[in-house]
K.L.:
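Got a structure for you, written out below as structure tokens; questions coming shortly.
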2 protein chains.
Amino acid sequence: MVRRTKEDAERTRLQIIEAARKTFHQCGVSRTSLEKVAAAAGVTRGAVYWHFADKAALFFAMRETSLAVIDRADAFLFGDESGDPLDAIEQSMVYFFRTMSTCPAARETYEIMSFRCEYVDEFASVLQEVNRPCVEFQAKLTTAYQQALALGIMRPELDPDAMALDSVSFVRGLFNNWLASSPGTEWRDQVEDMIHTHVALRRITPPRA
Amino acid sequence: MVRRTKEDAERTRLQIIEAARKTFHQCGVSRTSLEKVAAAAGVTRGAVYWHFADKAALFFAMRETSLAVIDRADAFLFGDESGDPLDAIEQSMVYFFRTMSTCPAARETYEIMSFRCEYVDEFASVLQEVNRPCVEFQAKLTTAYQQALALGIMRPELDPDAMALDSVSFVRGLFNNWLASSPGTEWRDQVEDMIHTHVALRRITPPRA
DNA sequence: CTATTTACATACATTGTTGATTGTATATAA
DNA sequence: TTATATACAATCAACAATGTATGTAAATAG
């Protein structure tokens, strides 16, 4: 079976990316040979090398393809300008974890990036890529907390910058724990309660006295 | 240079472990060949294979050697029974990060475990090893928060279990951010302030109104 | 004093991975 | 219709890493 149409070629490309994700997830990035990926995709190494220069290029293509869904998470933070900024913060966090729950491709990709990839040489830059969304989210959180303060919703003695830092650490740690816990553990179900508790800590009115 | 005394052999063993840490840190675990480790330690692969069965055994030996310092971190949590349990929580977190700052071996080991190791096959169990201290710390935090509540130091509407979960996520995320940030970044200096802010959120008295 | 064990070094056989090269059928453009 | 670029398959040489097997001198036990 050889030369097919452009659409077929694109399908082959996506098949290879999917196969790469599964194989990376199962074997880890460094123990994944392109031979394995090709076999999982039902093609030969030749096809893989045609579409991607090397393993790193395939990795980054996979990352970009799988995480497109996530980029909307913090846009969500300012879509809800109408209401309570603390609610918006809570909802954006919840949205993120809901997306992770419902989109296995995104979850697997994060698992690969967190636990099955070594950040050296060609992959050293991935660390920055993982950090950047954190920094951006922190900036947006600061703004939201400032609004909350101005609106009198947040406890007045709290500093928006400090709260943003606390929340970013919280989300990152929560996400790590969520990823590291086996599915079915209590962790995964508690997440939304934990987010609610976290945000409620900042509110003027005690949450559920 | 051949057969030496038992003390020399032990020194050789430690040299190999140190060399392994440096090489793992620089090249990542999977790209570290035992040849590289041997060269860095100034011995041959034969010596490495004499002391350790394979790369995984060397990895675990390194882990155990380097992280012995840390185990005392949460014992610290209950040494200070006399005073304020919220202070004890804060101090134990601060102690942990101070140790990380002053002990490069521990920091490098955590960097290896976090960013330079793929948790598959022989290394899959490392994930559990990383999680276990978190679970233990969470249990101890719950107790401490219960004490704080009983003593009337903590805001009465807060739930000790929920606070422990929040704090564990916070510490894990903070630690990840700390590890991922290059040394010299603002992050590293802000850590103690962030911990103080985090704990102060739970106090009855507003921190620094 | 010798016998054995220890602590390595050296050599080798096997395997896996890579990237390049070559082959070829098809799509597409002229 | 023909020429050429495209999308893939198949093969291959080179290398790197692993684990094991064997060699050996010094330490230690008896």
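The chains referred to below are lettered A, B, ... by the order of the sequence lines, with proteins before strands, and numbering in each begins at 1.
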K.L.:
Look for any protein N or O under 3.5 Å of an N or O in nucleotides 13-18 of chain C and output each such pair with its distance, or none.
P.N.:
from	atom 1	to	atom 2	distance (Å)
dT18(C)	OP2	Leu34(A)	N	3.4

K.L.:
Rounded to whole angstrom units, what separation is found between the NZ atom of Lys6(B) and the P atom of dT5(C)?
P.N.:
14 Å
K.L.:
Please work out which of the three classes, parallel, tilted or perpendicular, describes the rings of Phe175(A) and Phe96(A), given edges at 30° and 60°.
P.N.:
perpendicular
K.L.:
Excluding sequence neighbours, so at least two apart, what forms side-chain hydrogen bond (donor to acceptor under 3.5 Å, both in side chains) with Thr32(A)?
P.N.:
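Thr32(A): no side-chain hydrogen bond (donor to acceptor under 3.5 Å, both in side chains) contacts found.
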K.L.:
If I take atom CG in residue Asp8(A) and atom P in nucleotide dT28(C), what distance separates them, rounded to the nearest angstrom?
P.N.:
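Computing the Asp8(A):CG to dT28(C):P distance gives 10 Å.
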K.L.:
Using side chain to side chain contact (heavy atoms under 4.5 Å, CB included) as the criterion, list what pairs up with Ala41(B), not counting sequence neighbours.
P.N.:
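Ala41(B): side chain to side chain contact (heavy atoms under 4.5 Å, CB included) contacts with Ile16(B), Ala19(B), Val43(B).
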K.L.:
What is the distance, to the nearest angstrom, from the CD atom on Glu10(B) to the P atom on dT6(C)?
P.N.:
16 Å
K.L.:
In whole angstrom, what separates Arg13(B)'s CZ from dC8(C)'s C1'?
P.N.:
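Distance check: Arg13(B) CZ to dC8(C) C1' gives 16 Å.
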K.L.:
Would you mind reading off the distance between Leu58(B) atom CG and dT18(D) atom C1', rounded to a whole angstrom?
P.N.:
14 Å
K.L.:
Would one find a side-chain N or O of Thr5(B) under 4.0 angstrom from OP1 or OP2 of dA26(D)?
P.N.:
no
K.L.:
CG of Asp54(B) versus C1' of dT18(D): gap in Å, rounded?
P.N.:
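From Asp54(B) CG to dT18(D) C1': 10 Å.
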K.L.:
Find out whether Arg155(A) and Arg202(A) are in side-chain contact, i.e. whether some heavy atom of one side chain is under 4.5 Å from a heavy atom of the other.
P.N.:
no
K.L.:
When you measure from the side chain of Trp50(B), which nucleotide among dA7(C), dA9(C), dA7(D) comes out closest?
P.N.:
dA7(C)
K.L.:
Between dT18(D) atom C1' and Asp121(B) atom CG, what is the distance in whole Å?
P.N.:
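In whole Å, dT18(D) C1' lies 15 Å from Asp121(B) CG.
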K.L.:
Could you check whether atom CD of Glu64(B) has more than 12 heavy atoms from other residues, nucleotides or ligands sitting under 6.0 Å from it?
P.N.:
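For Glu64(B), atom CD is not crowded (no more than 12 foreign heavy atoms under 6.0 Å).
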K.L.:
Would you call the rings of Phe59(A) and Phe123(A) parallel, tilted or perpendicular, where under 30° means parallel and over 60° means perpendicular?
P.N.:
perpendicular
K.L.:
Are any of His51(B)'s side-chain N or O atoms less than 4.0 Å away from OP1 or OP2 of dC8(C)?
P.N.:
yes
